[in-house]
Amino acid sequence: MTHHVVIVGGGTGGTVLANDLADRLASELASGEVRVTLVNDDPDHVYKPVWLYVPFGQRESVDGRRPLADLVADSVTLRIDRVTDVDTDARRLRTREGAPIEYDSLVLATGSRLAPGEIPGLREGGHDYYSESGAESLREALLSFTGGHLVLSVIGTPHMCPAAPLEFVFMADDWFRKRGLREDVDITYTYPIQRVHGNPHIAEWARPRMDDRDIHVETFFNPESVDPEDRRIATMEGTDIEYDLLVGIPPHRGADIVAEAGLGDSGWVDVDEHTLEAENADGVYAIGDTADTGVPNAGSVAHYQAGVVGQRLASEIRGRPPTATYDGKTLCFIETGMDEASFVEFDYDHPPSPVPPSQKLHWAKLAYNESYWLTARGLL
Amino acid sequence: MTETDIEPVATVDSRGAACPGPLMDLIGKIRDVEPGDLVVLLSDNEQSLTDVREWTEEAGNELVEVDERDDHYAFYVKKA
Ligand SMILES: Cc1cc2nc3c(=O)[nH]c(=O)nc-3n(C[C@H](O)[C@H](O)[C@H](O)COP(=O)(O)OP(=O)(O)OC[C@H]3O[C@@H](n4cnc5c(N)ncnc54)[C@H](O)[C@@H]3O)c2cc1C
């Protein structure tokens, strides 16, 4: 009997896991005892962190794309198709194009998608750098922006990379200063709750830096609609602000198949935060953004979780009790300007404590972005 | 159970979530429901006692009741 592991989603988590299993279960794959299939709806693997640099003209969005086939081990079956239905009782997936896929173990790694349509006017009135096309069009808008009110509004939570909105305003501040335009540009950062970041330790670290750099802050700010004509954001709290250039972090949702399969709300799979097993079905794991663990939606998290699930699956397949667990480990570089960055590392039991920013850490972040392709291939 | 006379349309279970999880989760759900609807937030985080009150006041929503249960609180919030 062949044990069939199916991974849905060939982003960071899914790709790292596929390669991890190719390595860990090499002999079982060779003998045919195990089969690993990776299903992704795009022939390319997309590395999203590149998008932060696109608006500032430092990277091209194509830098974040590579064919999945070049990244995934040959022993993994790659299927470019979209999963449209998950039947956890029959252990069967339906896809848009091909035949149904039966699985013994399923890993959902379907990530996040943007839902700007949930805020009327946001799509027409705002920009974003959370998508390829958004980052490119924001670049054009920023290049022609020589003065006025730039508003970065965190609208949806949870959202990918909780640090990226802070990074954006720090980078924009520095970018406009270096170009001699900062005096003509007001920058405002808005956040849904009473501080500038979900994590109180990061908020405490960031707030004085924002004050020093004249980045205005609006907290308890939850946009309900955007008026693209008047360039005005209306909030649940009743504080409206006007903008000249709006950069929004739109609401995020997971894949529709998750809720339809009864695995969790809004596309986020209810999981045990340590074992990453789905709570509402047997034989199902979730990793990365779609796993509702409460930790940040970050590539580093997806990467560590892939390692844990790789070990657990290998134990299960070999008839041993799985013992590997995820401890909440998150690692994150935070750009604090165009040429300096900080760094945080934390887990379920240890809160983050950002280190003093330095140029070295900025180079470390850029170097990591280059070496990411080794991570995806399971080499780093 | 609660003394409120309207039935909650949604329950947000944020037990086990670190702060600000519960408040963020509540804001997300309030976005999805209609004005006048009641949402229940379950949280075992002490910080929610101040967070939720502060935000509901700020946003003009009504914190109808806070129910202290064995190991968590239930916040009944009515969307304005
Ligand atoms: C601007 C920006 C900057 C960021 N910076 C950082 C950073 O510095 N550090 C960091 O750690 N993280 C960062 N992130 C976050 C990081 O990119 C994500 O958290 C990470 O990609 C999550 O990995 P994942 O595997 O869960 O999902 P993804 O990488 O999003 O992959 C999901 C995959 O599933 C596919 N898929 C979805 N549904 C289906 C379906 N039904 N059938 C088939 N395939 C499907 C998608 O097409 C996609 O390929 C950043 C994100 C953004 C947007």
Side-chain angles (χ1 to χ4, degrees), chain A residues 115 118-120 122 154-159 162 191-203 218-225 234-239 250-253 259 264-268 270-274 279 292-297 328 330 346-352, chain B residues 6-64 66 71-80:
Chain A
E118 292 181 11
I119 306 294
L122 178 60
V154 178
I155 302 170
T157 58
H159 63 79
Y191 205 72
I193 57 166
Q194 71 277 37
R195 49 178 183 266
V196 297
H197 192 271
N199 187 294
H201 303 273
I202 295 180
E218 289 280 348
T219 52
F220 276 146
F221 191 93
N222 289 286
E224 259 181 338
S225 63
T235 66
M236 285 189 196
E237 291 79 9
T239 25
H252 283 42
R253 297 285 174 215
D265 285 343
S266 309
W268 318 123
D270 293 329
V271 290
D272 178 291
E273 63 174 24
H274 295 286
E279 285 177 351
D292 192 359
T293 53
V295 301
N297 287 346
T330 306
F346 51 101
D347 59 37
Y348 291 138
D349 299 320
H350 302 90
Chain B
I6 33 175
E7 278 295 302
V9 295
T11 300
V12 184
D13 188 351
S14 295
R15 283 172 292 178
C19 64
L23 179 57
M24 296 269 212
D25 294 347
L26 172 68
I27 294 173
K29 187 54 79 181
I30 289 281
R31 274 188 183 289
D32 292 347
V33 303
E34 299 298 321
D37 282 350
L38 189 68
V39 173
V40 189
L41 169 72
L42 309 181
S43 170
D44 50 12
N45 193 308
E46 290 290 321
Q47 184 70 33
S48 297
L49 287 172
T50 40
D51 279 9
V52 172
R53 190 173 301 277
E54 232 186 291
W55 178 70
T56 47
E57 274 169 21
E58 187 83 22
N61 298 312
E62 190 187 348
L63 181 55
V64 180
V66 183
D71 54 357
H72 67 275
Y73 300 97
F75 299 85
Y76 289 80
V77 179
K78 192 169 156 192
K79 182 169 176 167

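To find a chain, count down the sequence lines: A is the first, B the second, and so on, and within it residues start at 1.
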Quick one: pull up [atom1] in [X] and [atom2] in [Y] and give me the separation to the nearest 0.5 Å.
X: B/Met24; Y: A/Asn222; atom1: CE; atom2: CG; result: 9.0 Å
X: B/Asp25; Y: A/Asp292; atom1: CG; atom2: CG; result: 7.5 Å
X: B/Ile30; Y: A/Glu224; atom1: CD1; atom2: CD; result: 10.5 Å
X: A/Glu237; Y: B/Glu57; atom1: CD; atom2: CD; result: 13.0 Å

Checking heavy atoms, do the side chain of B/Asp32, its backbone, both or neither come under 4.5 Å from chain A? side chain
Side chains of A/Gln194 and B/Glu58, heavy atoms from C-beta outward: is any pair under 4.5 Å? no
Just wondering, more than 12 heavy atoms not from B/Asp37 lying within 6.0 Å of its CG? yes
In terms of heavy-atom contacts, does NZ of B/Lys79 have more than 12 from other residues, nucleotides or ligands at under 6.0 Å? yes
Greatest number of non-hydrogen atom pairs under 4.5 angstrom with chain A, of B/Ser14, B/Ala59, B/Gly28, falls to B/Ala59
Is a side-chain donor or acceptor of B/Arg31 paired with a backbone partner of A/Met236 at a separation under 3.5 angstrom? no
Please classify the contact between A/Phe221 and chain B as side chain, backbone, both or neither, with a heavy-atom cut-off of under 4.5 Å. neither
Atom group of A/Pro223 that falls short of 4.5 Å from chain B, counting heavy atoms: both
For B/Ile27 and A/Phe220, run side-chain contact (heavy atoms from CB on, under 4.5 Å): C-alpha distance rounded to whole Å, both residues' side-chain angles, the deciding distance at 0.1 Å, then the answer. CA-CA 10 Å; B/Ile27 294 173; A/Phe220 276 146; 5.5 Å; no
